[in-house]
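Chain A is the first sequence line, chain B the second, and so forth, proteins listed ahead of strands; every chain is numbered from 1.
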Number of protein chains: 2
Amino acid sequence: MNIGQAAEASGVSAKMIRYYEQIGLIEPPARSQSGYRVYAEPNVHTLRFVRRARSLGFSVEETGSLLALWRDRSRASADVKSLALKHVAELEEKAAALQAMAATLRHLASHCHGDQRPDCPILDKIGSAS
Amino acid sequence: MNIGQAAEASGVSAKMIRYYEQIGLIEPPARSQSGYRVYAEPNVHTLRFVRRARSLGFSVEETGSLLALWRDRSRASADVKSLALKHVAELEEKAAALQAMAATLRHLASHCHGDQRPDCPILDKIGSAS
DNA sequence: GCTTGACCTTCCCATGATGGGAAGGTGTAG
DNA sequence: CTACACCTTCCCATCATGGGAAGGTCAAGC
């Protein structure tokens, strides 16, 4: 399987597969005589793991830790759980920060007429609030 | 006022003030004979505006639009309000995405014993779920 | 066999917002 | 006059991703 097919099968772009290999997140695959990367099913499986970890908001580095845990059959599930819950806390913190911004701005907007007149408490507040 | 004092007074780092100037977000300030940037109160006011817009999650480019609206005394408040509400929608979308990740992961974690045993539904799911 | 087009390779550049730091000039207080 | 704090510009790094150029490879069709 060439990189294009591995990309198709895993949902990870060819560009990113090469990048993940370059930074050491995934193992370099076999190469054909002409230098093409050749992927087998286990490689694709790993790529899918990476894609899903990324889609759960883990950074590439954290994904590397997850991969290591995944491959280590003797790890304690407590290690995985603590990593996951720490990440959950970070996600929730970021979500809360975004929602606080949205709430503030929505509040400002609710006081803005939104018509032809220039008066606008949104800009007034951004320009003078503490 | 030199750039350090303007940074102190506005809450924007000297590095970022130079960057904002370089990309054209803010006007180049006056210069002293020796080439030092010299800021007056209106400059600091603008910097504070930028800082607050950024802290509400507006990108630098969006902040530029807000600045233009702020300086344009004849703009309609409807223009400001629509920009603000569009941004609110984006913020809420991002927050919802993060919370969905957190919820998924929290759900997976709730099924993980978190003890010395290696079995872990978190990794199992990341490794095999669709 | 030869051409064509789809694929692959590596290499470099760009993004967005920010910080770090080097090399060198300036300004001020003691 | 010497320190020291500040300023200047310039380059580099981050994080994850995409774009694209220049050139090699492979398979299908003529």
Rounded to 10°, the helix from C/dG1-D/dC30 to C/dG30-D/dC1 deviates from straight, judged by its five-pair end axes, by 20°
Measure from CD on A/Gln5 to P on D/dC26 and round the result to the nearest Å. 14 Å
So, taking the atom named CZ in A/Arg37 and the one named OG in A/Ser32, what distance separates them when rounded to the nearest 0.5 Å? 10.5 Å
Spatial distance of atom OG (B/Ser13) from atom CZ (B/Arg18) [nearest 0.5 Å]: 8.5 Å
With sugar-phosphate meaning primed atoms plus P, OP1 and OP2, does B/Ser32 contact a base, only sugar-phosphate, or nothing at under 4.0 Å between heavy atoms? nothing
Rounded interatomic separation in angstrom, taking NZ from A/Lys15 and P from D/dT17: 13 Å
Return whichever of A/Ser59 or B/Gly4 has its heavy-atom-nearest nucleotide of DNA chain D closer to the 5' end. B/Gly4
Examine D/dT17: is either OP1 or OP2 under 4.0 Å from a nitrogen or oxygen in the side chain of A/Tyr20? Give yes or no. yes
Flag the pair B/Arg117 and B/Asp115 as a salt bridge only when some basic side-chain nitrogen lies within less than 4.0 angstrom of an acidic carboxylate oxygen. yes
Positional range of nucleotides in DNA chain C within the contact set of chain A, heavy-atom, under 4.0 Å: C/dC7 to C/dC11
Please round to the nearest 0.5 Å and tell me the distance separating atom CG of B/Leu123 and atom CG of A/Asp72. 10.0 Å
CD of A/Glu61 versus P of D/dA13: gap in Å, rounded? 18 Å
Got B/Arg31 and B/Tyr36 here, is their nearest side-chain heavy-atom distance under 4.5 Å? no
Derivation and outcome, salt bridge (Lys or Arg N to Asp or Glu O under 4.0 Å), residues A/Lys94 and A/Glu90: CA-CA 6 Å; A/Lys94 283 182 199 167; A/Glu90 288 170 6; 5.6 Å; no
Kindly say if A/Arg18 contacts the phosphate of D/dT17, meaning a side-chain N or O under 4.0 Å from OP1 or OP2. no
Let me confirm one number: the NE2-CG distance from B/His87 to B/Leu91, rounded to the nearest 0.5 Å. 4.0 Å
Give the rounded distance in Å between these two atoms: CD1 of B/Ile17 and P of D/dC6. 14 Å
Any donor and acceptor pair, going by atom type alone, linking the side chain of A/Arg48 with main-chain N or O of A/Gly11 inside 3.5 Å? no
Under 3.5 Å, is there a donor-acceptor pair between the side chain of A/Arg52 and the main chain of A/Leu56? no
Could you list by number each residue of residues 33-50 of chain B showing a heavy-atom separation from DNA chain D of less than 4.0 Å, or answer none if no residue does? B/Gly35, B/Tyr36, B/Arg37
Short side-chain to backbone donor-acceptor contact, B/Arg51 and B/Ser10, under 3.5 Å: yes
Hey, does B/Gln116 have a side-chain heavy atom less than 4.5 Å from the side chain of A/Ser77? no
